[in-house]
Amino acid sequence: MEDGSLRSYGLVLSKIKTTDQLFRHGHGIARATRPRTEEQRQADIDKIARYRTLEDDIRNRVSRQDYDHDTFGLTSKLLRQNPEYYTVWNIRRQCLTSGSSSKPWAMSSLSKGSSTFSVTGTSHRASASSSPPFSTETPPSHDSPTTGTSGTTAEATEDRQMRDLEIIKSELVFTVPLLMEFPKCYWIWNYRLWTLGQAIVRLPTHVARKVWDEELGLVGKMLHRDRRNFHAWGYRRYVVDQLESAALAGQSMTESEFEYTTKMIRMDLSNFSAWHYRSQLIPQLLRERGADDQARQKFLDDELALIRDGLNVGPEDQSLWFYHQFLASNIIDDACSQTIAPALSLDQRRSYIEREIDEMKDLLEDYTDVKWIYEALIQYTQSLGRLGQQARPTELNGWLAQLKSLDPQRTGRWNDLEAQLHAA
Amino acid sequence: MESLAETEWDVVISGTGLQQSLLALALSRSGKNILHVDANSYYGGNEAAFSLQEVDEWAATTENVEVTKAEGGLSFPRAYSIALAPQIIHAKSELLSQLVSSKAFRQIEFLAVGSFYIYEPDHVSLNRIPSTREDVFTNTSIPAKLKRSLMKFLKFVLDYDAPPHRETWAPHADLPLRMFLAQEFKLDERLQADIITLTLSLDGNITVKDGLRSIHQHMSSMGLFGAGFAAVVPKWGGLSEVAQVGCRALAVGGAVYMLGTGIKSARASEQRVDVSLSNDIDVKTRFLVKETDVDASTMSLVRLTAVVHSDLASLFDVTVEGAPSPVVAVVAFPAGYVRTPEGTASEVPIHAMVHSSETGECPKGQCVIYLSTMPQSNAKSLLENALSSFLRAVGEAQVPEVLYRLSYTQHQRVSHPSDSNVVTLPTLPLDLAFDDAALASVKAAWETCTADDDGENEYMVFEDREGADNDDYE
């Protein structure tokens with residue numbers, strides 16, 4: 001993709017914003033407010049008037065059942081200004097789907113014979129558990145006029161599909177600038193999902209797959225732009241589910257998604273969503289790999305090494321501690337179906353936690369004022385207790401004292417913790 | 001139409017090096033009568049970029065310039081744009097801010113500078129220098145404890161000029177940074193070398209004050225315009241592009257440009273300067289701005305520029321997901337790491353700025369390597385050795401062939417204080433990275449030339465001219 005030119009990379013030198021790569025406090029998004037002059041106020045009034053006219057026009061057409069090409073064009077105009085107006089998205093859908101062959105700019109009518117062009121033999125959508133929040137239209141009752149002898153049917157089907165593909169593509173393109181400007185507007189995503197769903201219903205599987213693959217690429221770009229856009233992460237999950245589904249003749253993507261989290265983490269250690277996603281993929285990953293106990297233990301060792309490296313350079317980062325806790329809980333808690341290495345003996349589990357405590361004590365050599373370290377040390381000491389190790393490290397009181405002094409706002413909580421420790 | 005001699009010029013500028021060209025940019029909307037001349041037949045002065053043909057012409061008329069070409073393999077001369085003074089520009093630099101505020105940036109294509117490497121003589125390899133937390137995280141050759149020390153230093157630098165950090169280094173401000181790194185942060189020699197390289201210190205002995213400032217600029221530039229890079233270079237020849245854009249802006253603003261024309265003599269009186277041009281035309285101007293005529297140089301840089309037959313792809317890896325492909329790699333050879341054939345070790349660092357063909361400076365499949373070092377005994381031989389060590393270390397299946405060599409020395413000259421209507425500009429400081437301090441003399445020159453004006457105009461702040469392309473950059 002990259003041709004090296006920062007211009008094509010979407011660079012705007014005039015929008016210089018400082019990013020602090022070591023400390024990410026908040027999201028650093030500046031919100032500008034400007035007081036209006038009289039001129040600006042008048043300009044706004046005019047703008048509102050024009051918008052109202054546009055809206056009235058559309059509503060009039062709808063009440064006349066006029067879903068023609070002009071109406072379609074008007075929805076484009078309005079949605080560019082106000083993508084939150086979900087009724088107008090519905091109107092747009094109507095325009096595109098109340099079609100027949102006499103409306104070449106709209107999608108073809110889905111006749112009963114439409115199921116024959118899908119390789120999987122059905123036009124069913126994704127499984128119920130991940131069905132998108134829209135409804136598909138029911139195919140109109142009349143047959144397409146080109147159904148006839150088998151020769152013409154095949155051609156006509158292909159033409160229909162080509163046309164539908166073009167429309168699907170252009171609808172996707174329509175939403176892209178809107179997404180760039182309003183990345184968290186549910187209705188745009190909704191419409192995009194509906195369009196993509198249409199690809200599954202109307203197009204041959206391999207063509208639909210390509211459309212969804214590109215969608216994955218788009219999500220990747222959005223996540224690159226704003227790693228904290230949790231809508232994008234959820235959306236990614238949905239796209240991956242579809243790509244893995246039978247409707248798109250899919251296969252498991254767990255390995256490649258796991259690799260994706262590795263890439264995102266290398267790009268930015270603070271990426272909580274990436275770490276979280278990673279943790280969600282692990283049970284499935286190990287199952288798919290058919291990992292035996294030895295492989296599972298090695299996997300655990302590798303992940304612990306990874307997070308330890310992360311904590312070594314970024315102990316102030318809560319995301320990393322959360323992931324460490326996730327790994328530790330795999331060791332401390334009783335084994336279940338999701339556990340990474342369920343065959344570890346009690347002795348082994350104890351020695352893992354002891355090792356982690358040692359590693360954290362190393363961190364204290366250089367990082368003396370990071371409260372997470374003390375909190376983790378105390379927490380894992382307690383866990384050791386649950387695993388049967390009763391002896392208490394002598395430093396425990398010292399750690400507690402440090403915790404209280406570094407985080408005085410939570411004194412009550414630390415006092416409770418202290419009481420717990422002494423009661424046990 | 002008035003002739004040159006009849007025109008009442010407001011400013012005559014001599015030379016189209018970067019600083020004069022930035023002055024041209026600054027004056028481009030002033031509506032003044034400006035005559036901009038350059039004795040050379042090309043733009044850019046000491047910061048020019050040459051085709052191979054132009055190098056030959058320049059070599060023929062300049063002392064101590066040597067050109068060697070291999071038997072075959074070179075493309076046609078205009079396929080090359082060899083920069084005489086390549087410099088990287090940090091993202092957080094005043095120069096870029098000025099190019100943005102003056103809208104001149106729209107005519108320049110900026111490309112990303114990528115990784116910094118240190119040559120490792122024992123294994124004849126290149127080690128990538130970590131400069132972000134994620135770099136340190138992914139590095140597999142630094143032990144955990146040293147990583148912590150390094151992280152503490154990087155965090156320190158980010159906030160170095162505020163208390164309490166300021167109190168920590170201020171007492172040692174003029175001591176070598178190397179010592180400070182060892183004593184205060186317990187960094188080992190290898191990490192000290194890494195940090196010193198990030199400062200791009202030419203003599204390797206940068207002070208604490210200057211070193212911290214330099215690293216701070218590097219770190220706060222990282223990620224500013226996009227993930228994975230801290231500096232940029234203009235495409236098609238680096239600073240010469242900026243010079244051309246500056247001159248073009250002033251030309252559009254109505255100035256007269258004459259190449260191949262220098263200043264024979266100038267006589268300043270109270271309200272004007274009488275300038276005698278090399279083409280025997282005499283002009284009168286309110287102000288004259290020219291390059292320094294001081295003979296002695298305060299500093300020099302011995303250079304070897306080589307074109308090699310390889311795209312050196314491994315150096316230009318994208319290290320961060322989604323980041324733009326870098327086009328420049330910086331390679332440092334700390335003092336002592338390079339030897340002459342007789343075994344004499346280098347006394348000062350040698351640097352190689354490796355430019356891929358994406359810079360537009362050479363055709364695809366080739367790279368331009370700009371080596372430089374401060375004057376030392378056997379400098380040329382050491383540069384040659386650094387080049388061959390680098391080519392072996394880069395790890396290609398076959399050592400890339402050198403198609404072209406250009407060697408010369410650059411000199412830095414200060415200027416005398418300016419008179420009331422004759423401004424002399426020093427040469428651009430010889431640096432691997434653009435030093436914003438160089439902009440001060442340009443602004444001072446602008447203030448002189450606009451002293452008679454009503455003082456309403458902000459420096460280097462303009463609106464787009466009509467018809468300028470707004471769309472490209474969203």
Side-chain angles (χ1 to χ4, degrees), chain A residues 1-24 177 180-181 220-225 227 259-271 274 305-317 320 359 362-368, chain B residues 91-92 96-97 99-101 103 105-106 108-112 130-140 144-145 147-152 154-155 157-159 186 219-220 222-230 232 235 316 318-327 356 358-359 472-474:
Chain A
M1 163 216 158
E2 311 301 344
D3 65 359
S5 161
L6 294 174
R7 185 183 300 181
S8 67
Y9 186 65
L11 174 71
V12 182
L13 287 184
S14 53
K15 286 200 183 129
I16 294 176
K17 65 183 195 316
T18 38
T19 50
D20 184 330
Q21 288 291 97
L22 291 188
F23 292 104
R24 199 172 291 280
M180 294 288 149
E181 213 186 321
K221 282 193 196 162
M222 296 217 78
L223 282 172
H224 180 77
R225 250 172 161 237
R227 286 149 235 163
E259 181 55 37
Y260 181 74
T261 66
T262 309
K263 275 198 226 157
M264 290 305 271
I265 286 161
R266 282 182 194 286
M267 185 169 134
D268 178 10
L269 273 177
S270 288
N271 198 334
L306 182 72
I307 195 63
R308 251 184 255 125
D309 267 343
L311 288 169
N312 198 36
V313 299
E316 69 289 331
D317 203 321
L320 302 178
E359 295 281 345
D362 275 352
L363 290 182
L364 282 183
E365 275 175 29
D366 293 289
Y367 301 121
T368 52
Chain B
K92 198 164 186 202
L96 285 183
S97 303
L99 291 176
V100 168
S101 62
K103 306 295 186 290
F105 76 102
R106 296 199 193 282
I108 303 172
E109 205 172 320
F110 291 100
L111 303 171
S131 62
T132 63
R133 178 176 67 171
E134 281 68 25
D135 276 346
V136 180
F137 170 63
T138 45
N139 186 295
T140 49
K145 176 138 182 71
K147 280 194 185 185
R148 294 199 286 268
S149 305
L150 181 56
M151 284 313 301
K152 282 167 78 170
L154 293 182
K155 281 179 204 159
V157 171
L158 222 52
D159 233 340
K186 314 281 183 280
M219 305 215 63
S220 39
M222 183 62 79
L224 198 60
F225 294 152
F229 63 98
V232 295
K235 194 172 180 181
F316 302 109
V318 174
T319 52
V320 169
E321 177 80 10
S325 301
V327 305
S356 78
E358 295 297 309
T359 57
D472 289 343
Y473 298 88
E474 277 300 322

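Reckoned from all heavy atoms, side chains included, excluding hydrogens, waters and symmetry mates. First the proteins, then the strands, lettered A, B, ... as listed; each starts at 1.
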- Query: Would you say B:Lys147's side chain and A:Asn312's backbone share a donor-acceptor pair under 3.5 angstrom?
  - Reply: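 No: the side chain of B:Lys147 does not pair with the backbone of A:Asn312.
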- Task: Please examine the side chains of B:Arg133 and A:Ser270, heavy atoms only from C-beta on, and report whether any two atoms are closer than 4.5 Å.
- Result: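 Sidechains of B:Arg133 and A:Ser270: in contact.
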- Item | B:Glu134 side chain reached by A:Asp268 side chain, heavy atoms, under 4.5 Å |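 Yes; the side chains approach each other to less than 4.5 Å.
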- Item | Non-hydrogen atoms of A:Val313 and B:Phe137 that approach each other most closely |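 Of all heavy-atom pairs spanning A:Val313 and B:Phe137, the closest is CG2-CB, 4.0 Å.
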- Which atom of A:Asp366 lies closest to which atom of B:Arg148, heavy atoms considered: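 Minimum heavy-atom separation between A:Asp366 and B:Arg148: OD2-NE, 2.7 Å.
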- Task: Nearest 0.5 Å please: distance from the CD atom of A:Glu316 over to the NZ atom of B:Lys155.
- Result: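 Reported value, rounded in 0.5 Å steps: 4.0 Å.
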